[in-house]
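Have a look at the structure below, then the notes.
In what follows, residues are counted from 1 in the order of the sequence shown.
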Amino acid sequence: KRLSKSAANWAEFYRTWPKHQLDVYRDVKTKSDAFSSKIATLPESLPKIDWEYYRKMVPAAGMVDNFEKQYKALDVAYPSDPDNLKKEIDDHEVEMNKRLEKMMKIVDQMKADAGYMSNAINDLPPADSMTRELCHLYFPGLLFHPDYYHDKHEYPNTKKQREHRKINYNEKALFRYDS
């Protein structure tokens with residue numbers, strides 16, 4: 001049975017192929033087209049063998065008749081799948097498609113979060129006018145609570161200087177997420 005055209009949807013491949021790998025796509029397509037054109041040039045069935053010519057040319061009696069008998073008995077069967085590997089592959093494909101759908105939902109959510117963060121960053125006031133309170137207002141979960149800033153985060157921050165400034169720090173209270 002001859003296929004008149006490629007079973008591959010090259011337009012869909014091109015649309016989904018990563019743009020930075022288009023050279024690889026072109027190589028694959030070129031090789032596929034070369035294979036298809038090579039097969040198209042071959043005859044659909046094997047050429048007929050002129051057994052009479054060989055009977056005249058081969059001196060050993062019965063040798064050509066034996067080859068002819070073996071040649072006509074030869075039947076190359078279409079490959080079978082006794083272990084049912086195709087079903088396993090199809091099942092694996094279905095499973096991977098489900099995982100891909102989940103991953104695509106996660107990636108879409110990450111893209112939405114990134115867009116939200118990008119918009120938030122673009123709406124920030126200029127860095128030279130940003131205060132600690134504004135930082136806490138814009139990023140409440142990322143920064144320390146402003147009530148506990150004091151001078152602790154100014155350089156240099158040594159125990160001697162904290163005692164010198166006579167500031168009583170509650171070390172546990174500095175971090176919002178500590179228990």
| query | Does one hydrophobic cluster hold both Trp51 and Met57, with members joined at side-chain heavy-atom distances below 4.5 Å? | reply | yes
| Can Gln109 and Asp113 be said to form a side-chain hydrogen bond (donor to acceptor under 3.5 Å, both in side chains), step by step? | CA-CA 6 Å; Gln109 182 61 44; Asp113 292 345; 2.9 Å; yes
| CA sep, side-chain torsions, deciding dist, call: Ile49, Tyr54, side-chain contact (heavy atoms from CB on, under 4.5 Å) | CA-CA 9 Å; Ile49 298 175; Tyr54 287 109; 3.8 Å; yes
| So which pairs with a foot in residues 91-101 pass side-chain hydrogen bond (donor to acceptor under 3.5 Å, both in side chains), sequence neighbours left out? | Lys87-Asp91
| request: Scan residues 14-26 for pairs that pass side-chain hydrogen bond (donor to acceptor under 3.5 Å, both in side chains), counting only residues two or more places apart or in two chains. | output: Glu12-Arg15, Asp23-Arg26
| field | Listed partners of Lys102 passing side-chain contact (heavy atoms from CB on, under 4.5 Å), at least two apart | value | none
| Nonpolar side-chain network containing Leu85, other nodes, edges under 4.5 Å | none
| request: Using the test side-chain contact (heavy atoms from CB on, under 4.5 Å), find all partners of Asn119 that sit at least two apart in sequence or belong to another chain. | output: none
| query | Which other residues end up in the same hydrophobic cluster as Met104, if Ile, Leu, Val, Met, Phe, Trp and Tyr are linked when side-chain heavy atoms come under 4.5 Å apart? | reply | Leu100
| query | Looking at residues at least two apart in the chain, or sitting in another chain, which of them share a side-chain contact (heavy atoms from CB on, under 4.5 Å) with Pro125? | reply | Ser129, Met130, Leu134, Tyr138
Between side-chain atoms of residues 60-72 and protein atoms elsewhere (two or more places apart, or another chain), which donor-acceptor pairs fall under 3.5 Å?
| from | atom 1 | to | atom 2 | distance (Å) |
| --- | --- | --- | --- | --- |
| Asp65 | OD1 | Arg55 | NE | 2.6 |
| Asp65 | OD1 | Arg55 | NH2 | 2.9 |
| Asn66 | OD1 | Gln70 | NE2 | 3.3 |
| Glu68 | OE1 | Arg55 | NH2 | 2.2 |
| Glu68 | OE2 | Lys72 | NZ | 3.0 |

| query | Atom CG of Asp81 and atom CG of Asp83: how far apart are they, to the nearest 0.5 Å? | reply | 7.0 Å
| task | With sequence neighbours left out, write down each residue that passes side-chain contact (heavy atoms from CB on, under 4.5 Å) with Asp50, or none if nothing qualifies. | result | Glu52, Tyr53
| message | When you group the ILVMFWY residues by side-chain heavy-atom contacts below 4.5 Å and let the links chain together, are Val24 and Trp10 in the same group? | response | yes
| Between Ser37 and Asp33, is there a donor-acceptor pair closer than 3.5 Å when you use the side chain of the first and the backbone of the second? | yes
| If you group Ile, Leu, Val, Met, Phe, Trp and Tyr whenever their side-chain heavy atoms sit less than 4.5 Å apart, what else falls in with Met110? | Ile106
| task | Any chance you could pull the hydrophobic cluster mates of Met103, using side-chain heavy atoms under 4.5 angstrom and chaining through other members? | result | Val107
| query | From Ser36 OG over to Lys29 NZ, what is the distance, rounded to the nearest 0.5 angstrom? | reply | 8.0 Å
| said: Which residues pass the salt bridge (Lys or Arg N to Asp or Glu O under 4.0 Å) test with Lys86, not counting sequence neighbours? | reply: Asp90
